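Here is the structure we will look at, set down as structure tokens.
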Amino acid sequence: MDIEALMVRVAALETEALAAMTPPLVADAVPYFFHVQEAFPYWTNRLSTIAAEDGIGGDEDFGEEYERYSYEVIMRLAVGHVTDGVRSEYERTLGRIIPHVMAYFNARELLQSVAYPTAPDNVMRARIIACTGVEVLPISEHTQVIGAEFTLRIETVEYQDQAYT
């Protein structure tokens with residue numbers, strides 16, 4: 001599985017999701033976690049847990065087996081510095097964004113977007129399974145932003161010929 005390619009697809013969907021809002025929001029998104037910028041909103045992404053489930057599949061006479069993997073990606077959205085904005089501005093913004101992003105991603109369970117119109121190989125489905133809601137996110141020792149984190153679960157299946165010696 002090409003995890004880097006999956007992360008790039010996720011970032012493309014993040015910017016597309018916010019651009020599809022009314023009114024549209026322009027956001028940046030990077031396929032990695034360690035990133036800070038002054039312009040808001042922006043997304044960062046990190047690979048969290050990976051789980052494997054073994055099973056027998058394909059034509060059992062030829063020893064083919066499949067591996068099912070579940071990758072969880074933490075999608076972090078930062079909407080502003082804690083010390084900026086007016087009272088409840090960021091909470092209201094996130095109140096609009098969170099349900100929209102969840103619905104947008106879950107309607108595209110093969111990670112297809114304008115930038116990536118075809119489904120990636122081996123992906124069975126991808127869905128946002130959790131969101132932290134509004135929270136204060138640490139960026140550095142002295143910097144905090146208001147935002148939310150979404151957990152995207154990407155389920156894959158990979159067929160492998162077994163090597164018997």
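Keep in mind the model is a prediction, meaning the values are calculated, not measured.
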Quiz prompt | Residues Leu47, Ile3; criterion side-chain contact (heavy atoms from CB on, under 4.5 Å); working and verdict | solution = CA-CA 9 Å; Leu47 185 61; Ile3 295 172; 3.9 Å; yes
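- Not a single donor-acceptor pair under 3.5 Å links the side chain of Thr49 to the backbone N or O of Glu72.
- For the residue pair Ala12 and Ala115, the shortest heavy atom distance occurs at CB-CB, 4.2 Å.
- Leu18 is listed as a side-chain neighbour of Leu77, based on a closest heavy-atom distance under 4.5 Å.
- Residues Val145 and Ala78 come closest through the heavy atom pair CG2-CB, 3.8 Å.
- The aromatic rings of Tyr69 and Tyr71 sit tilted relative to each other, their planes meeting at an angle between 30° and 60°.
- The side-chain heavy atoms of Met21 and His100, taken from C-beta on, include a pair separated by under 4.5 Å.
- To the nearest 0.5 Å, atom CG of residue Asp28 and atom CD of residue Glu14 are 11.0 Å apart.
- Residue Phe150 is tested with Phe105, Trp43, Tyr104 for a ring pair (Phe, Tyr, Trp, His ring centres under 6.0 Å); the sole match is Trp43.
- Between Leu152 and Val10 there is a side-chain heavy-atom pair separated by less than 4.5 Å.
- Side-chain atoms of Met102 and Cys131, non-hydrogen and from C-beta on, do get closer than 4.5 Å to each other.
- No side-chain heavy atom of Ser70 sits less than 4.5 Å from a side-chain heavy atom of Arg68.
- The side-chain heavy atoms of Glu16 and Arg108, taken from C-beta on, include a pair separated by under 4.5 Å.
- Note: His81 NE2 to Thr143 OG1 = 6.5 Å, rounded to the nearest 0.5 Å.
- Atoms CZ and CZ, on Arg76 and Arg46 in that order, are 7.5 Å from each other to the nearest 0.5 Å.
- Between Ile154 atom CD1 and Glu109 atom CD the span is 12.5 Å, to the nearest 0.5 Å.
- Judged by distance alone, with hydrogens and angles left aside, the side-chain atoms of Glu135 form no donor-acceptor pair with the main-chain N or O of Leu137 at under 3.5 Å.
- The six-membered or imidazole ring of Phe34 lies away from that of Tyr32, with a centre-to-centre distance of 6.0 Å or more.
- In the hydrophobic clustering of ILVMFWY residues, with side-chain heavy atoms under 4.5 Å counting as a link, Val134 and Tyr42 come out apart.
- Cluster annotation: Val73 is connected to Val101 through the hydrophobic network of ILVMFWY side chains, with a link wherever side-chain heavy atoms come within less than 4.5 Å.
- Between Ala119 and Arg9, the shortest heavy-atom distance links the atoms C-NH2, 4.0 Å.
- Between Ile97 and Val79 there is a side-chain heavy-atom pair separated by less than 4.5 Å.
- Put simply, CD1 on Ile129 and CZ on Arg153 are 3.5 Å apart, with the number rounded to the nearest 0.5 Å.
- For Arg96 against Thr22, the heavy-atom pair with the smallest separation is NH2-O, 3.7 Å.
- Clustering ILVMFWY residues whenever any of their side-chain heavy atoms sit less than 4.5 angstrom apart, transitively, puts Met7 in the very cluster that holds Ile50.
- Side-chain heavy atoms closer than 4.5 Å link hydrophobic residues (I, L, V, M, F, W, Y) into clusters, and following such links, even through other members, never connects Val8 to Ile128.
- Between Phe40 and Gly80 the shortest heavy-atom distance is CD2-N, 3.4 Å.
- Using a 4.5 Å cut-off on side-chain heavy atoms (C-beta onward), Leu13 and Leu111 make contact.
- Neither side chain, Ser88 nor Glu91, offers a donor N or O lying under 3.5 Å from an acceptor on the other.
- The closest donor-acceptor contact from the side chain of Asn122 to the backbone of Met1 lies at 3.5 Å or more, if one exists at all.
- Under the 4.5 Å side-chain heavy-atom criterion for Ile, Leu, Val, Met, Phe, Trp and Tyr, Leu94 and Val136 are members of the same hydrophobic cluster.
- Residue Ile98 holds its CD1 atom at 6.5 Å from OG1 of Thr132, rounded to the nearest 0.5 Å.
- Annotation: Glu89, atom CD; neighbour count of heavy atoms from other residues, nucleotides and ligands within 6.0 Å is above 12.
- Between the side chain of Asn45 and the main chain of Val30, a donor-acceptor pair closer than 3.5 Å is present.
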